[in-house]
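Before any comments, here is the structure.
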Amino acid sequence: MINLLEYYQGSGENYTSEEIAQALLGSVLVNETPEGLTSGIIVETEAYLGLEDEAAHSYNGRNTPRIQAMFGKPGTLYVHQMHRHILVNIVTQPKGVPQGVLIRALEPLEGLELMTERRKKTGHELSNGPGKLSQAMGISMDYNLEHILDSRLSIEPNKRVIPIKIQSSPRIGIKNKGKWTDAALRFYVKGNPFVSRFKGEISETFGWKSCRL
DNA sequence: TGTTCGATGTTCT
DNA sequence: GAACATCGAACAA
């Protein structure tokens, strides 16, 4: 089991972005704002593999002001806007290696009322997509370039649930990118209804081993 | 249950 | 001017 917080502190361990993407499933993301605290369990992620990945913003070493954060150290937040929506990534590789993991969906845990107010939706519509979870948690472009260990957005050190089964699939919305369109770089918790475009049977435990938090 | 289309900011052609 | 790591409303059947 990868200890993410140690990794983000700079433990010197070496993990691939795919490994980090899977280790994030079951971790608890917390955001503190003046309006209140919201948190949720990560249920879906996607890995973006920097230089060679044609689907990544940092493909081929492209480095513009917008994607500066991708070149930061592990745990740096890369927050960008897609149409009207905010998307959150966490950098996975040492400084200068532009790889990251996109957080795509959360199972809400705390601050449900605040999330409902922000989203004007309920149930799985609160956070079953990358733009939706940012709105539910109140994450804005201000978070770009901050570090997960030194930000209003953090990972709970003492809470963690374990997925029964991690599924992988091609990433969502990647078209005309050769082999990268089909690469299985999306990871999600099987049977959890907060996964975007969820289909199939809802697991009794929402896909988590044994107890909930 | 499915497809289409508009909003909107940054980047590249 | 077009493309895009999205979302939700509007529409068709």
Side-chain angles (χ1 to χ4, degrees), chain A residues 16-18 20-22 24-25 29 38 40 42-72 74 76-93 97-108 115-146 148 153 167-189 193-202:
Chain A
T16 65
S17 298
E18 292 97 312
I20 301 294
Q22 293 176 72
L24 279 163
L25 299 175
L29 211 53
T38 49
I42 299 172
V43 299
E44 178 180 352
T45 57
E46 283 179 0
Y48 284 84
L49 305 183
L51 300 183
E52 48 167 355
D53 181 353
E54 295 176 38
H57 291 156
S58 48
Y59 171 58
N60 212 5
R62 189 168 35 187
N63 188 351
T64 60
R66 169 181 169 235
I67 59 179
Q68 269 306 303
M70 282 295 269
F71 292 82
T76 303
L77 300 175
Y78 169 45
V79 182
H80 78 275
Q81 219 167 341
M82 183 60 182
H83 299 271
R84 299 215 303 279
H85 307 281
I86 304 286
L87 279 64
V88 182
N89 300 249
I90 306 175
V91 174
T92 50
Q93 297 298 319
V97 182
Q99 301 194 11
V101 172
L102 170 68
I103 310 297
R104 281 196 56 91
L106 295 177
E107 178 184 332
M115 291 190 191
T116 307
E117 191 180 309
R118 284 171 174 153
R119 291 276 303 133
K120 311 212 183 318
K121 304 265 178 185
T122 56
H124 64 275
E125 279 296 317
L126 282 178
S127 56
N128 65 339
K132 301 179 190 181
L133 73 89
S134 318
Q135 189 186 9
M137 296 197 76
I139 296 168
S140 68
M141 287 297 292
D142 297 347
Y143 289 67
N144 192 34
L145 287 164
E146 289 188 3
I148 190 83
L153 184 67
Q167 297 268 73
S168 63
S169 78
R171 292 170 291 185
I172 303 284
I174 308 292
K175 292 172 199 150
N176 309 316
K177 301 292 185 192
K179 66 171 178 171
W180 299 102
T181 296
D182 299 321
L185 293 173
R186 172 180 178 237
F187 303 97
Y188 59 95
V189 178
F194 290 90
V195 170
S196 67
R197 305 190 183 182
F198 178 76
K199 279 180 191 152
E201 297 265 309
I202 297 179

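The structure displayed is predicted, hence computed values, not measured ones. Proteins come first, then strands; the chains are lettered A, B, ... in the order of their sequence lines, and each starts at number 1.
- As a whole-Å value, the separation of A:Ile86 CD1 from B:dG9 P is 10 Å.
- Checking A:Arg118 against A:Gln135 by side-chain atom types alone, no donor-acceptor pair falls below 3.5 Å.
- Proximity of A:Phe187 to A:Leu24: side-chain heavy atoms (C-beta onward) are nowhere separated by under 4.5 Å.
- Atom P of nucleotide B:dT8 and atom CE of A:Met141 are separated by 16 Å, given to the nearest angstrom.
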Checklist entry - Between A:Lys177 and A:Glu54, is a salt bridge (charged side-chain N to carboxylate O under 4.0 Å, His left out) present by the stated rule, with each step listed? => result CA-CA 6 Å; A:Lys177 301 292 185 192; A:Glu54 295 176 38; over 6 Å; no

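- If you take CZ of A:Arg119 and C1' of C:dT6, they are 11 Å apart, rounded to a whole angstrom.
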Checklist entry - For DNA chain B, what is the dot-bracket line, given that a base pair needs Watson-Crick (N1 to N3, plus N6-O4 or O6-N4) or G-U wobble (N1-O2 and O6-N3) geometry with both distances under 3.5 Å, and | means paired with another strand? => result |||||||.||||.

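- Of the possible polar contacts, none joining the A:Ser17 side chain to the A:Gln99 backbone as a donor-acceptor pair under 3.5 Å is found.
- Aromatic stacking is marked for A:His83 over B:dA7, as both cut-offs hold: 5.5 Å for the centres and 30° for the planes.
- With A:Arg119 contributing its side chain and A:Glu125 its backbone, the two residues share a donor-acceptor pair below 3.5 Å.
- In this structure a side-chain-to-backbone donor-acceptor pair under 3.5 Å is present from A:Asn144 to A:Val79.
- A distance-only check finds no donor-acceptor pair linking the side chain of A:Thr76 to the backbone of A:Ala69 [under 3.5 Å].
- Comparing B:dT10, C:dG8, C:dA5 by their nearest atom to the side chain of A:Ile174 picks out C:dA5.
- Residue A:Arg186 is classed as having no contact, given no heavy-atom separation below 4.0 Å to the nucleic acid.
- Contacts of A:Gln135 with the nucleic acid, taken as non-hydrogen atoms under 4.0 Å apart, are absent.
- For the contact set between residues 45-64 of chain A and DNA chain C, defined by any heavy atom under 4.0 Å, the members are A:Tyr48, A:Ala55, A:His57.
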Any protein N or O atoms within reach of nucleotides 10-13 of chain C? Criterion: under 3.5 Å, listing atom names and distances.
none

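- Cation-pi contact between A:Arg171 and A:Tyr48: present, with separation from the ring centre below 6.0 Å and deviation from the ring axis of at most 45°.
- The structure places CG of A:Leu51 at 7.5 Å from CG of A:Asn60, a figure rounded to the nearest 0.5 Å.
- Of the candidates B:dA7, C:dA5, C:dA9, the closest approach to any side-chain atom of A:Arg84 belongs to B:dA7.
- Put simply, CG on A:Leu87 is 6 Å from P on C:dT6, counting in whole angstrom units.
- Comparing C:dA5, C:dT6, B:dG9 by their closest approach to the side chain of A:Gln81 singles out B:dG9.
- Remark: C1' of C:dA3 and CE of A:Met82 are 8 Å apart, rounded to the nearest angstrom.
- For the P atoms, the distance linking C:dA2 with B:dC5 amounts to 15 Å, nearest Å.
- Remark: A:Lys132 is in phosphate contact with C:dG8, judged by side-chain N or O atoms under 4.0 Å from OP1 or OP2.
- Between A:Gln68 atom CD and B:dT10 atom P the separation is 15 Å, expressed in whole Å.
- Between the NZ atom of A:Lys121 and the C1' atom of C:dG8 there is a distance of 6 Å, given to the nearest Å.
- Rounded to an integer number of Å, the gap from A:Glu125 CD to C:dA9 C1' is 13 Å.
- Proximity of A:Val88 to A:Leu153: side-chain heavy atoms (C-beta onward) are separated by under 4.5 Å at one or more points.
- With hydrogens and angles ignored, the 3.5 Å screen pairs a side-chain donor or acceptor of A:Glu46 with a backbone N or O of A:Ile172.
- Contact annotation: the side chain of A:Thr45 never approaches that of A:Arg104 to less than 4.5 Å [non-hydrogen atoms, C-beta and beyond].
- The side chain of A:Arg171 contributes no N or O atom lying less than 4.0 Å from OP1 or OP2 of C:dC4.
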